[in-house]
Each structure stands twice: as structure tokens, then as C-alpha cells.
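Shown next, in C-alpha cells, is the structure this report addresses.
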There are 2 protein chains.
Amino acid sequence: MTTTKATDIGTKTRDGRSTREAILEAASRLIHVHGYNHTSLDDVLRDSGVGKGNFYYHFKSKEELGYAILDQIIASFLERTLEPCFADPEGRALSQIRCFLDRVLEAQRERNCVGGCPLGNLASELSDVHEGFRARLAFVFAAWRERLTLALRTEQLRGAVDAACRPGAVADFLVASLEGAILLTKLTKDIAVMEQCVVEMKRYLSLFEPRV
Amino acid sequence: MTTTKATDIGTKTRDGRSTREAILEAASRLIHVHGYNHTSLDDVLRDSGVGKGNFYYHFKSKEELGYAILDQIIASFLERTLEPCFADPEGRALSQIRCFLDRVLEAQRERNCVGGCPLGNLASELSDVHEGFRARLAFVFAAWRERLTLALRTEQLRGAVDAACRPGAVADFLVASLEGAILLTKLTKDIAVMEQCVVEMKRYLSLFEPRV
DNA sequence: GGTTGTGTACCAACTGGTCAGTACAGATGA
DNA sequence: TCATCTGTACTGACCAGTTGGTACACAACC
């Protein structure tokens with residue numbers, strides 16, 4: 001029973017990567033459910049089947065694990081969520097945003113209103129404790145904002161977005177509204193809140209349809 | 001030195017109210033700065049000069065202290081923030097909301113972007129852990145929403161708000177946006193975010209000005 | 001008016017438990 | 001045989017909550 005993990009799973013000991021990945025996998029799952037502070041190291045180790053000495057061989061501290069998880073979430077968000085929505089230079093910004101809103105709404109519905117936004121949750125839980133966490137989270141929100149801004153500005157030059165639109169301000173507002181809507185949905189446990197917010201955000205967006 | 005508290009401060013022992021108040025005062029200050037989870041009972045006791053046994057004489061648990069603090073914040077919010085803004089039945093809803101937004105922006109500016117919204121902070125910190133906290137927070141946001149809804153509906157009947165406005169949805173969206181904006185401002189430590197969000201919220205409100 | 005009884009307010013020291021992090025010995029493989 | 005991994009047992013800090021007892025105001029009774 002001693003060396004189960006190493007032999008059973010295979011690449012476990014080989015390159016030293018798998019152990020790290022097993023930890024990351026278990027930790028990101030637990031942290032997503034219980035939050036960073038309420039996930040003890042022992043929980044992560046029990047779940048991943050990794051010993052404590054082993055953990056501290058691969059990570060310097062729990063904080064470093066937290067950074068690794070956060071970097072993972074950020075990378076996934078940037079590549080898997082933001083990129084597919086806003087990468088297409090031919091896509092119409094306003095439609096892309098509307099589509100994005102629908103995707104977020106659908107994600108909330110699937111999760112039954114609970115859980116909230118992984119980034120938003122970590123943001124509010126950690127931003128006022130560890131400066132390192134805050135900085136990373138600020139970075140990803142900035143990236144999100146910038147991508148939105150760029151999409152809007154490009155469309156504006158093309159005449160597909162009204163001149164009254166101030167891309168940076170609109171981007172900030174959209175991000176803020178969405179995070180707030182998710183927070184409120186989590187709090188009230190009522191998907192209707194999210195639905196109504198999305199409708200109103202679309203109504204707001206309609207302000208920037210070019211005049212006919 | 002033994003009976004300092006009772007004799008020096010005066011009403012301390014008299015009616016049993018002052019000790020409780022000293023605890024509440026210290027706790028609400030600490031919780032506002034560090035959050036509920038990161039405020040240990042010992043911190044509160046050290047700050048208030050109250051012994052531990054004494055604390056448990058006045059409160060059943062740390063959780064009960066949390067509830068007391070939260071009830072205090074809620075009462076203050078309802079009476080001191082919401083009431084003065086939306087109580088006047090003659091006031092024009094849209095102007096009242098704009099005025100309210102300015103007040104929130106000013107408050108953020110004064111606090112130097114940090115701190116965030118006491119209610120929003122607790123909401124994101126506690127809503128997925130303690131059901132009791134979640135329920136109370138949901139209640140106060142519902143009250144806020146209802147007051148906004150009522151103001152908008154009243155104005156709508158009077159013709160001062162456009163028929164396209166769905167008061168409940170608009171109220172949800174305004175609350176969500178505002179909380180999100182505060183959250184994002186805290187995260188980025190940049191008041192410009194808040195300023196731009198307020199501008200955009202006003203632009204959104206302009207959608208409901210009655211057609212001339 | 002002094003003794004005795006009673007409830008309130010309070011304190012210091014402690015308990016039981018959790019947690020991040022450490023020490024170290026044993027295994028594994030080049 | 002030496003460096004790289006890994007598991008077990010431990011440490012010290014911290015934290016919510018408990019305990020047993022003290023200080024004192026106030027009342028009742030003689």
C-alpha cells in the first residue's frame with residue numbers, strides 16, 4: 001500500500017510533473033468549491049494521495065500553490081473563454097459581447113446559481129489579504145477590459161459602433177456589471193437576477209448600435 | 001488595576017450595555033478592515049479590552065457576534081443610506097438614483113478605493129459558508145432592490161419614466177452594477193474605474209427618460 | 001445595621017482541535 | 001553511492017470555546 005500511487009498511476013514518479021499535477025488538480029477542485037482559506041493543505045493531500053513531505057518538495061508553501069492555481073485559472077480564462085469570443089477581427093463587437101453574456105448566463109444556470117465566478121470569488125476572498133493575489137487578479141481583469149476595449153474601438157473605427165461609445169469606460173462597466181450580477185445571483189440563489197441583468201446589459205449595449 | 005473598566009469608564013458595569021457595545025464597536029471596525037474570517041476573537045477582545053469569559057457572557061458565539069454586526073450594518077444602510085435617497089415620494093426617481101450614484105462614488109473616493117462596500121464584502125466572503133449570513137444579506141439587497149423598483153414604478157405611472165423600463169430588472173441591474181463597480185475598484189485600486197462606471201450607469205439611466 | 005444570600009459582570013487559565021510547515025528516515029533509480 | 005523523491009511523525013502557532021472562580025451590587029431577613 002505504500003507505493004501505490006507511484007506504480008499504479010504510472011508516470012507519477014517519472015518526471016516529477018505528475019505529482020505536481022495531481023496536487024494542482026485536487027487543489028483547484030477543492031478551492032473552487034470551498035475557497036482558498038477553507039481548503040486546508042491536508043484536504044488537498046488526502047484528495048490527491050500525495051504525502052506532505054512530497055508536497056513541500058514540489059511547492060514552497062501553500063501560498064505558492066495558490067499562485068499556481070490562480071495562474072492556471074487565469075490562463076484558462078484568457079485562452080478558453082476570452083479568446084474564442086473576441087479573437088475574430090471580423091466579428092462584430094456588439095454581437096460578440098451579447099454572445100459572451102449568454103455564455104456566462106448559461107454557465108451560471110448550469111451551476112445552479114452557486115459557485116459564482118472563479119475569478120470573482122478569488123478576487124473578493126484574497127485581494128485584501130495577499131498583495132500577490134490582488135496583483136494577478138487585477139492583471140486578468142485588465143486583460144479582459146483591454147480585449148473588450150480593443151474590440152469596441154476597432155468596430156467604432158469601422159462605423160459599426162456609435163461614436164458616443166467610450167470603449168474603455170464601456171469595457172469597465174461591462175466587466176463590473178457582470179461580476180456584480182454573478183455576485184448577486186450567488187447571494188440570492190436566484191437565476192432570475194442574472195437573467196434580468198443580462199437583458200439590461202443588452203439594452204445598454206443597444207445604445208451603441210450605429211444610428212441608421 | 002483589577003476593576004479599572006468598571007470604575008474608570010463609568011457605565012461599564014452598570015447596565016451591561018457598554019461592554020457589549022465596546023465589543024461591537026471594536027469588532028465592526030476590525031471586520032470592516034480585515035473581513036469576518038480574518039478577524040479573530042482574540043483580536044476583538046484585545047482591541048475592546050474585554051476578557052474572553054466576559055465575551056461569552058454577552059454573546060453565545062463568534063457567529064452571534066457576526067450576526068449582531070451585520071444587523072447593525074444593515075440597519076445603518078437602510079436608515080442612513082437608502083431612506084434619505086428614496087423616501088421622498090415627490091422626488092424624481094431617475095434624479096434620485098443619479099444622486100445616489102454620486103454619493104457612492106464620493107464615498108469610494110474618500111476611502112481611497114480600498115475597503116469596498118461593507119455589505120458587498122460580507123456578501124462575497126460569507127454567502128457560501130454561513131446560511132444565516134447569506135439570508136440576511138439577501139434580505140438587505142432585496143430591500144434595496146424593492147425600494148428602487150417602487151420608486152421607478154411610481155414614476156412610471158406618473159409618466160416621468162419611460163414605459164420601456166421594467167422596474168424590477170432595472171433595479172437588479174443597478175444594484176449588481178454598483179456592487180461590481182465597487183469590487184473592481186477595490187481590486188484595481190483605481191478610482192477611475194468607479195468614475196467611468198458611474199458615467200455609464202447614468203448613460204444607461206438616460207434610456208428611461210420619457211420621450212419628448 | 002450587620003449578616004447572609006443571590007444574580008450580574010467579569011477574569012485568567014485552560015481545552016481540544018486545526019493548521020502550515022519541518023525533520024527525517026526510507027525508497028528509488030542512475 | 002549519491003541525488004532525487006516520498007511517507008510518517010512531529011512542532012509550534014493559533015483559535016473558538018470552556019471552566020472555575022472572583023468582585024460587587026442589591027436585597028432580604030433578623
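Chain letters run A, B, ... following the sequence lines, proteins first, then strands; residues in each count from 1.
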>> Using modelled atom types and a 3.5 Å cut-off, is there a donor and acceptor pairing between side-chain atoms of A:Ser76 and backbone atoms of A:Gln72?
In response: no
>> Check whether B:Ser28 reaches the backbone of B:Glu25 with its side chain - one donor and one acceptor, N or O, closer than 3.5 Å.
In response: yes
>> Could you work out, with salt bridge (charged side-chain N to carboxylate O under 4.0 Å, His left out) as the rule, every residue matching B:Glu146, not counting sequence neighbours?
In response: none
Pairing residues for [X] by the side-chain hydrogen bond (donor to acceptor under 3.5 Å, both in side chains) criterion, not counting sequence neighbours:
X        : value
A:Lys62  : none
A:Glu106 : A:Arg109
B:Ser40  : B:Asp43
A:Tyr204 : B:Glu200

Take the protein atom [atom1] of [X] and the nucleotide atom [atom2] of [N], then report the distance between them rounded to whole Å.
X       : N      : atom1 : atom2 : answer
A:His34 : C:dC19 : NE2   : P     : 12 Å
A:Leu45 : C:dT18 : CG    : P     : 16 Å
B:Arg46 : D:dA16 : CZ    : C1'   : 14 Å
A:Leu41 : D:dT11 : CG    : C1'   : 15 Å
B:Asp42 : C:dA13 : CG    : C1'   : 13 Å
A:Ile23 : D:dG7  : CD1   : C1'   : 13 Å

Phosphate contact ([N] OP1 or OP2) by [X] side-chain N/O below 4.0 Å:
X       : N      : answer
B:His58 : C:dC10 : yes
A:Tyr57 : D:dC5  : yes
A:Asn54 : D:dC5  : no
B:Thr19 : C:dA9  : no
A:Ser61 : C:dA20 : no

> Taking atom types as they are modelled, is there a donor-acceptor pair under 3.5 Å from the base of C:dA20 to the side chain of A:Lys52?
Replying inline: yes
> If you find the nucleotide of DNA chain C closest to A:Lys60 and the one closest to A:His38, which residue's nucleotide is nearer the 5' end?
Replying inline: A:His38
>> List the residues meeting ring-ring contact (aromatic ring centres under 6.0 Å, His included) with A:His38, not counting sequence neighbours, and say none if there are none.
In response: none
> Among all residues two or more places apart in sequence or in another chain, which pass the ring-ring contact (aromatic ring centres under 6.0 Å, His included) test with A:Phe59?
Replying inline: A:Phe55
Can you name the atoms? Protein N/O to nucleotides 20-22 of chain D N/O, anything below 3.5 Å, with the distance.
none

>> Tell me which residues in residues 64-72 of chain B lie within less than 4.0 Å of DNA chain D, going by non-hydrogen atoms.
In response: none
